[in-house]
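Encoded as C-alpha cells, the structure appears first; notes follow it.
Not measured: the values here are computed from a predicted model. Whatever order the structure lists ligands and atoms in, that order sets their numbers, starting from 1.
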Amino acid sequence: MSEKALHKPLVFSGVQPTGDLHLGNYLGAIKNWVPMQAEKPCIFCVVDLHAMTAEFDPRALPGKTREVAAGYIASGINPDTSIIFAQSRVSAHAELAWVLNCVARIGWLNRMTQFKDKAGKNREAASVGLYVYPVLMAADILAYKATHVPVGEDQKQHLELARDIAQKFNNDFDAPDFFPQPEPLILGPTPRVMSLRDGKAKMSKSDPSAASRITLMDSADEIADKIRRAKTDPDNLPESRDGLANRPEAENLLSIFAALTDVSLDQAIAQFAGKQFSAFKGALAEAAVAKLSPIRDTMVRLMGDPAELDRILAKGAARADAIAAPILAEVKKITGLS
Ligand code: TYM
C-alpha cells in the first residue's frame, strides 16, 4: 500500500519559546501554516522542552510559551480547529524521545550542523539536551504519526534525521510502515530569512544585535527604523534574478517584500527594477507594518488575558494527548515495554 493511503495526512510543526518571535519564524514557518488548516488537520506545538536545551529563564518560560501561542493565533491559526499546545504538557513527547534516543545513532547526530552552530567552540560544555534535540523533534512529529512538517530551511536536516529514525524504528522492530516518513514542506519565497545586518547570516533569536531582526512585537516605528538601517549595497536594485547574484542583502530584502505582499520574487524584482534602495525601503517598511501591526495588536490583546491563553493551551494539550497516547501505547507494545 502507498505511504499516502497508510497514514492519514496530518500537519505538525512548532516554534521554541525562546527570545521573541521574529520575521524569520513568521515568514519561514507560521505564515505558511495558515492556509494548511483548510486542507489537513494541523497540530502546532510550542516546544518548551526544546527551549531548555540552551540557557533559559524558568521564570520567563510560562510567559514566553503564552507569547508564542498568542503569535500563532494572531497570525491566523484557529485554536478551535487546529491544535495549539505546549510540548511539556503531553508526556508522549519525552517518553517517545527516550525510545528514539535508543534508535538514533551517535554518528547521525554528529552530522547535525545546527548543533555545531549552537554549541559553538566550547562543544564539551553544551547540554546533552542540545545534542539530542533533533531526536526530541523526531518524537514530536512521530508521536502523532504526522505526515507533513512545514518549516524553514534550517530545519531540513533535522527532518531528514526524523525520516531516518522512523525508518530504523520500523525496520529494527519489524513494524513495517508503523511510522510514516514525514515530509518537510519548505515553502514560499523566504525559506531562509537573513539578518538585516548581514545578508549572509540567518535572522535568529540569538543574534546579539536587535537591529538584525524584526520581531512580531516591534512597533511600527521600530520596524520602519530597522528597515531604514538595514544593510544594503551601493547599486540600484536589479532588473532580473541574475542581477541578484552576490547581492545577498538585495535578495533578502526583495524576498521579504515578496513574502509580505504575497507576490513572487520575480514580481517583486520587476516592481523595483532599477530603483534606489531608499525608495524600495519605504515600500518595504510600509508592507511590513501593514502585515505585522495587526498581528502585534492581536498578540498584545491576547496576552492581556493569560487565563484564556492557558485555557486554549490546556484544551489543545488534551486533544493532542488523545492522539499521541494510543500511538505511544503501540510503541510500548512493539518495543516490549508493556
Ligand atoms: P525555531 O524555534 O528555531 O524556529 C521555528 C520555525 O521558524 C523557522 N525559522 C526560519 N525560517 C526562515 N528564516 C529564518 N531566519 C528562520 N528562523 C527560524 C524554523 O525553520 C522553524 O520552522 N526545532 C525547531 C522547532 C521544532 C519543530 C518540531 C519544528 C521542535 N519540534 C517538530 C517542526 C516539527 C526549532 O527550534 O525551530
(message) Can you classify the ring geometry of F12 versus H93 as parallel (below 30°), tilted (30 to 60°) or perpendicular (above 60°)?
(response) tilted
(request) Check the pair F179 / H7 against ring-ring contact (aromatic ring centres under 6.0 Å, His included), numbers first and verdict last. (result) CA-CA 8 Å; F179 283 130; H7 297 285; 8.6 Å; no
(message) Check whether F178 forms a cation-pi arrangement with K145 (NZ or CZ under 6.0 Å from the six-membered ring centre, at most 45° off the ring normal).
(response) yes
(message) Donor-acceptor pair, distance only, cut-off 3.5 Å: does the side chain of E249 make one with the backbone of G199?
(response) yes
(request) Output the set of protein residues with a heavy-atom contact under 4.0 Å to ligand 1, ordered first by chain identifier and then by residue number. (result) F12, S13, G14, V15, Q16, H22, G24, N25, G28, A29, V47, H50, Y133, M137, D140, I141, V149, V151, G152, D154, Q155, T190, P191, R192, V193, K202, M203, K205
(message) So, applying salt bridge (Lys or Arg N to Asp or Glu O under 4.0 Å) with K315, which one of D80, D321, D310 is it?
(response) D80
(message) Could you check whether atom CG of N246 has more than 12 heavy atoms from other residues, nucleotides or ligands sitting under 6.0 Å from it?
(response) no
